[in-house]
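Here the structure is laid out as structure tokens; the discussion comes afterwards.
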Amino acid sequence: MTDTSADLVILGGGSGGYACAFRAAELGLSVVLIEKDKLGGTCLHRGCIPTKALLHAAEVADSTRDADQFGVRAALEGIDIDGVNKYKDNIISGLHKGLQGLAKAHKVTMVEGAGTLVDANTVEVDGTRYTGKNVVLATGSYSKTLPGLELGGRVITSEQALNLDFIPNKVVVLGGGVIGVEFASVWASFGAEVTVVEALPHLVPNEDEFASKRLERAFRKRGIKSKTGVKFTGATQSDDGVSVSLENGETYDADLLLVAVGRGPNTAGHGFEQVGVTMERGFVRTDERLRTNVPGVFAVGDIVPGLQLAHRGFQQGIFIAEEIAGLNPQPIDEAGIPRVTYCHPEVASVGLTEAAAKEQYGSVETFTYDLAGNGKSQILKTQGAVKLIRATDGPVVGLHMVGDRVGELIGEAQLIYNWEALPEDVAPLVHAHPTQTEALGEAHLALAGKPLHVHG
């Protein structure tokens, strides 16, 4: 066997893996980055980027269909799915080439192949062993299914949904989380009849109930059906479609069943347990500094319990590189990581839900500002609201938003949360007019005791 040594060996080239590699290289460490598929991982090739490209195409379709409300005469002739896929694939290709160039510029040694952890310092790929003073596990996640529900044919996951060469007439989406509602939104905009099935009481169940209810109302107006609080019991395929059964006795016939019940940690078969890495339900357990129980071995991204978000993995990768380099970085506050669901309308949040804030602080104050009072939102013809949660007489601990483009407000929102700002700190800040950021400003004015564009 050939021995190849480096300061750092990283298993997985997704958002967490490549961010760790690039930052470590900047700090003067030699890096080996192992990836069995393509640099960029799920996010770039099968997740965030392609999904958001479809969502933008869907937004263009909606804008064209509804152009007359803006005084513009336009007609939607249809969706050229081949054209949509070409647009999507060109974006992925361009970003992938950019990442490859960055890896080369950082002098990161790229290794193609499936890696196995063989001891605390070594990863083996196709018979070659790569030894590092430290090892980072960054193997990402996969689309889960339910017991007894076999994937294949007309039962698909998000990976297959991203590459369809046709637009289904009817779709059942199993799972009302981020992935489920985003695809439901795309297909509805493209003209499909969509039903979302969610076993929990609300869509986007990890969000504040305020946001869930607003989204459900918006989906109803768009004609997207939601069956919440009811469990899936089975699916039967035929040549013509798939029949989906629920525990309440209802059945739904569709062209496709999208299984969007979450993502599982991609840890099996990589040797983690054999080396003694502590696992829990397939996830890798770490401390707040992302260290596993095995000295010198760190873990990052979707395999670490918590939010499965590309930007979380990205920041964790930077943290680990700086930790290994001795910079003693500040641990990441999970609640301070922004969350955006890019359906129509968008849902964006940072910090705690009202329920979690009450549990942590006991007494809280909330204020909800409706986008009906925001000029730019009226120009865009979007409905929604901004909800703030503060610890009584204390800082703002949760910000929750629903409405088109509110994902673009999350930058200011996360600063407010992460810097533990009081409403009185934000109220004097000048927000440009007319912008949707004014909604944040107005909400903080109200919570600071000086409401302006708010009815009593």
Pair Glu159 + Arg263, salt bridge at N-O below 4.0 Å: yes
Using a 3.5 Å cut-off and no angle test, enumerate the donor-acceptor pairs between side-chain atoms of residues 385-403 and protein atoms at least two apart in sequence or in another chain.
{"from": "Lys387", "atom 1": "NZ", "to": "Asp208", "atom 2": "OD1", "distance (Å)": "2.9"}
{"from": "Lys387", "atom 1": "NZ", "to": "Glu354", "atom 2": "OE1", "distance (Å)": "2.6"}
{"from": "Arg390", "atom 1": "NE", "to": "Gly394", "atom 2": "O", "distance (Å)": "3.0"}
{"from": "Arg390", "atom 1": "NH2", "to": "Gly394", "atom 2": "O", "distance (Å)": "2.9"}
{"from": "Thr392", "atom 1": "OG1", "to": "Ser363", "atom 2": "O", "distance (Å)": "3.1"}
{"from": "Thr392", "atom 1": "OG1", "to": "Ser363", "atom 2": "OG", "distance (Å)": "2.6"}
{"from": "Thr392", "atom 1": "OG1", "to": "Val364", "atom 2": "N", "distance (Å)": "3.3"}
{"from": "His400", "atom 1": "NE2", "to": "Leu352", "atom 2": "O", "distance (Å)": "2.8"}

Nearest heavy-atom neighbours spanning [X] and [Y]:
{"X": "Pro329", "Y": "Glu322", "value": "CB-OE1, 3.7 Å"}
{"X": "Phe219", "Y": "Leu203", "value": "CD2-CD1, 3.9 Å"}
{"X": "Arg46", "Y": "Gly41", "value": "NH2-C, 4.0 Å"}

Please report the C-alpha distance between Lys213 and Glu216 in whole Å, then the side-chain angles of each, then the deciding distance to 0.1 Å, and finally whether the salt bridge (charged side-chain N to carboxylate O under 4.0 Å, His left out) criterion is met. CA-CA 5 Å; Lys213 288 181 175 179; Glu216 289 162 2; over 6 Å; no
Asn163 and Lys88: side-chain contact (heavy atoms from CB on, under 4.5 Å), yes or no, with the steps? CA-CA 10 Å; Asn163 295 303; Lys88 164 180 64 72; 3.3 Å; yes
Could you verify whether a donor N or O on one side chain and an acceptor N or O on the other, from [X] and [Y], lie under 3.5 Å apart?
{"X": "Gln436", "Y": "Ser377", "value": "yes"}
{"X": "Arg291", "Y": "Asn134", "value": "no"}
{"X": "Glu59", "Y": "His344", "value": "no"}
{"X": "Arg222", "Y": "Ser185", "value": "yes"}

Go through the steps for Glu280 and Arg285 under the test salt bridge (charged side-chain N to carboxylate O under 4.0 Å, His left out), then give the verdict. CA-CA 7 Å; Glu280 183 179 319; Arg285 299 298 307 185; 3.4 Å; yes
Going by heavy atoms in the side chains, are Ile179 and Ser143 under 4.5 Å from each other? no
Apply side-chain contact (heavy atoms from CB on, under 4.5 Å) to Val294 and Val135, showing your working. CA-CA 10 Å; Val294 178; Val135 172; over 6 Å; no
Among pairs that include at least one residue of residues 293-304, which meet side-chain hydrogen bond (donor to acceptor under 3.5 Å, both in side chains), considering only residues two or more places apart or in two chains? Ser141-Asp302, Thr278-Asn293
Output a table of donor-acceptor pairs, distance under 3.5 Å, between side-chain atoms of residues 408-415 and any protein atom two or more places apart or on a different chain; print 'none' if there are none.
{"from": "Glu412", "atom 1": "OE1", "to": "His431", "atom 2": "NE2", "distance (Å)": "3.4"}
{"from": "Glu412", "atom 1": "OE2", "to": "His431", "atom 2": "NE2", "distance (Å)": "2.7"}

Only residue of Val136, Val275, Val284 satisfying side chain to side chain contact (heavy atoms under 4.5 Å, CB included) with Thr292 is Val284
In a check of side chain to side chain contact (heavy atoms under 4.5 Å, CB included) between Val259 and each of Leu146, Thr145, Val172, Ile156, which one passes? Thr145
Show your working on side-chain contact (heavy atoms from CB on, under 4.5 Å) between Cys43 and Phe314 and close with a plain yes or no. CA-CA 11 Å; Cys43 172; Phe314 183 87; over 6 Å; no
For a side-chain contact (heavy atoms from CB on, under 4.5 Å) check, start with the C-alpha distance between Leu39 and Tyr18, then their side-chain angles and the critical distance, and finish with the verdict. CA-CA 8 Å; Leu39 186 62; Tyr18 83 70; 3.9 Å; yes
In terms of the angle between their ring planes, are His45 and His96 parallel, tilted or perpendicular, with boundaries placed at 30° and 60°? perpendicular
Please report the C-alpha distance between Glu207 and Ser212 in whole Å, then the side-chain angles of each, then the deciding distance to 0.1 Å, and finally whether the side chain to side chain donor-acceptor pair (under 3.5 Å) criterion is met. CA-CA 7 Å; Glu207 295 291 341; Ser212 295; over 6 Å; no
Is it the case that atom CD in Glu359 sees more than 12 heavy atoms from other parts of the structure closer than 6.0 Å? no
